2 protein chains.
Amino acid sequence: MQHSKENVSFRDIKEIVLGRIKDSTWPSDSILPTETDLAKEFSTTRTTINRALRELADEGYLDRKRKSGTRVRAAPIRQARFKIPVVREEVTERGGAYRYNLISSEISSAPEWLVAKLDLKFGQNVRHIRCLHLSNTQPFQYENRWIVLESVPDAREETFTEFSPNEWLVQKVPFTDIEVSFLATRADQLLADLLGASLNEAIFTTERSTWLKGTPVTFARLYFAPGYRMTTRL
Amino acid sequence: MQHSKENVSFRDIKEIVLGRIKDSTWPSDSILPTETDLAKEFSTTRTTINRALRELADEGYLDRKRKSGTRVRAAPIRQARFKIPVVREEVTERGGAYRYNLISSEISSAPEWLVAKLDLKFGQNVRHIRCLHLSNTQPFQYENRWIVLESVPDAREETFTEFSPNEWLVQKVPFTDIEVSFLATRADQLLADLLGASLNEAIFTTERSTWLKGTPVTFARLYFAPGYRMTTRL
DNA sequence: TAGTGGTCTAGACCACCCG
DNA sequence: GGGTGGTCTAGACCACTAT
């Protein structure tokens, strides 16, 4: 027989509020009571209510504005979160033994499309690396990468025979901004050979551009072996 | 000459801490001072420090555990957030006029792969809808969807001539869990015709499974027109 | 200009987990 | 067992913005 007087947690509040949204106690576009009123209703403080509502807003269920109040979003913004993994970890997480093969590594002047893509100065030098990441003996991902030498001078000497540019960069070079794109690529003969795919097979592809405080660092295209899919629950 | 004594904001703290991580004042795997100590250092309260560190942990930079303290993540978990858009909005956001064409809609017993995918009971009935979403007159997305009738009885009568199943479901059916996958599909002749692609072109594809508290609601494959890419900054 | 959320201070108790 | 983060209370001032 315990009649405990536990505190109400912000998690409880979240659940209750979400319940009232789902059962239309607070229908779409309606305005919730103020934080102060809710705090009274649940015998708690504004701080607790605030955290609950803030997180729900962050999750896309509510829209909050000063003065106008907290409104139920008509169509909740469902959002997915993806981890951007390091290849090695992705391979080992899937239960494979990670291996790495360098295909080529050379210094050249940045091709025009890359200049445009990263907003480089004309004629800047880049190191171009192509390599393969394997899971056991199976190709897992083909990486085609360009590193801006002016931003990463160390990459001039580095040969990338031992470590993949992926890992090397993570270790050596800080970055502040990444742009990631996901797309599909049709396999030409080269890609097919590298990834053990057949010609014309559809290849899931990621592109990453990286900057350090506005300075372009690197651009990479990552081609995954056939059958790869990126999955998330929300 | 103002010598204001402003409060330190949790945003300031976040920035400072992130700075110290990036310039290796606090290198990878090192342990940060306790919240109490940091509060002293910045002449603020634990509450403020806590919020800053909590958010940084949430963003993947820190790892926090009771008793052991707050540790700098060796490889920050970079993560991307994607909105799961409603097709209509995605089209209009890209500046197109949204249009919708129903291709087919019929009731049948769930195919075996779908039974497995959604963990259905054997022999359950589903409504199978195929339709096309257009931007102006260009195909934008081909939708291939199955709705579990036992979970969504209203879908038995609905013809989906006017509204796409996408919008209809958002309006009518609540859901709690979604699983989203992204992959690449090779266009067969049908897909090529529908999307205005050529045979064998690589098609960016999304799969979504939806449940309401454990009960399967619907499964959809969404095929995007050639050239589509999903992009995010982080 | 007034109402609402945004955030900070100050202090407290507690849960988890490492040693 | 004890240290660290997790969270709550209580109260205050402020910033934004609708009216």
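Note that the coordinates shown come from a computational prediction; the quantities given were computed from them, not determined experimentally. Side chains included, hydrogens not; waters and symmetry mates left out as well; all remaining heavy atoms used. By convention in this document, chain letters (A, B, ...) are assigned in the order of the sequence lines, proteins followed by strands, and residues within each chain are numbered from 1.
- Salt bridge status for B:Glu59 with B:Lys14: present, with a side-chain N to carboxylate O gap under 4.0 Å.
- A salt bridge does not link A:Arg11 to A:Glu15: none of the charged nitrogens lies less than 4.0 Å from a carboxylate oxygen.
- Salt bridge B:Arg64/B:Glu35: present, at least one basic N to carboxylate O contact under 4.0 Å.
- In this model, a donor atom of one side chain and an acceptor atom of the other lie less than 3.5 Å apart for B:Thr218 and B:Arg145.
- Screening A:Glu89, A:Glu90, A:His133 for a side-chain contact (heavy atoms from CB on, under 4.5 Å) with A:Tyr98, the sole residue that qualifies is A:His133.
- If one axis is set at each end of the helix from C:dT1-D:dA18 to C:dC18-D:dG1 from five pairs, those axes are 20° apart, to 10°.
- Panel note: side chain A:Ser164, backbone A:Glu167; a donor-acceptor pair is recorded below 3.5 Å.
- The OG1 atom of B:Thr48 lies 10.0 Å from the CG atom of B:Asp12; values are rounded to the nearest 0.5 Å.
- If you check every strand for non-hydrogen atoms under 4.0 Å, A:Thr36 touches nothing.
- Contacts of residues 43-53 of chain A with DNA chain C (heavy atom under 4.0 Å): A:Arg46, A:Asn50.
- The residue among B:Phe10 and A:Pro33 whose nearest nucleotide of DNA chain C lies closer to the 5′ end is A:Pro33.
- When each of B:Lys65 and A:Arg64 is assigned the nucleotide of DNA chain C bearing its nearest heavy atom, the one mapping closer to the 5' terminus is A:Arg64.
- Salt-bridge annotation for A:Glu179 and A:Arg208: absent, with no side-chain N of the basic residue lying under 4.0 Å from a carboxylate O of the acidic one.
- At least one test fails for A:Arg73 against the ring of A:Tyr61: distance under 6.0 Å to the centre or angle within 45° of the axis.
- Comparing A:Ser68 and A:Ser9 by the nucleotide of DNA chain D that holds the closest heavy atom to each, the one mapping nearer the 5' end is A:Ser9.
- As a whole-Å value, the separation of A:Lys67 NZ from D:dT19 P is 7 Å.
- Geometric assessment of A:Arg221 against the ring of A:Trp113 yields a positive cation-pi assignment under the 6.0 Å and 45° thresholds.
- The footprint of chain B on DNA chain C, defined by a heavy-atom cutoff below 4.0 Å, extends from C:dT7 to C:dC18.
- Residue A:Arg11 is classed as a sugar-phosphate contact, given heavy-atom separations below 4.0 Å to backbone atoms only.
- Under a 3.5 Å cut-off, the side chain of B:Arg20 and the backbone N or O of B:Thr25 do not form any donor-acceptor pair.
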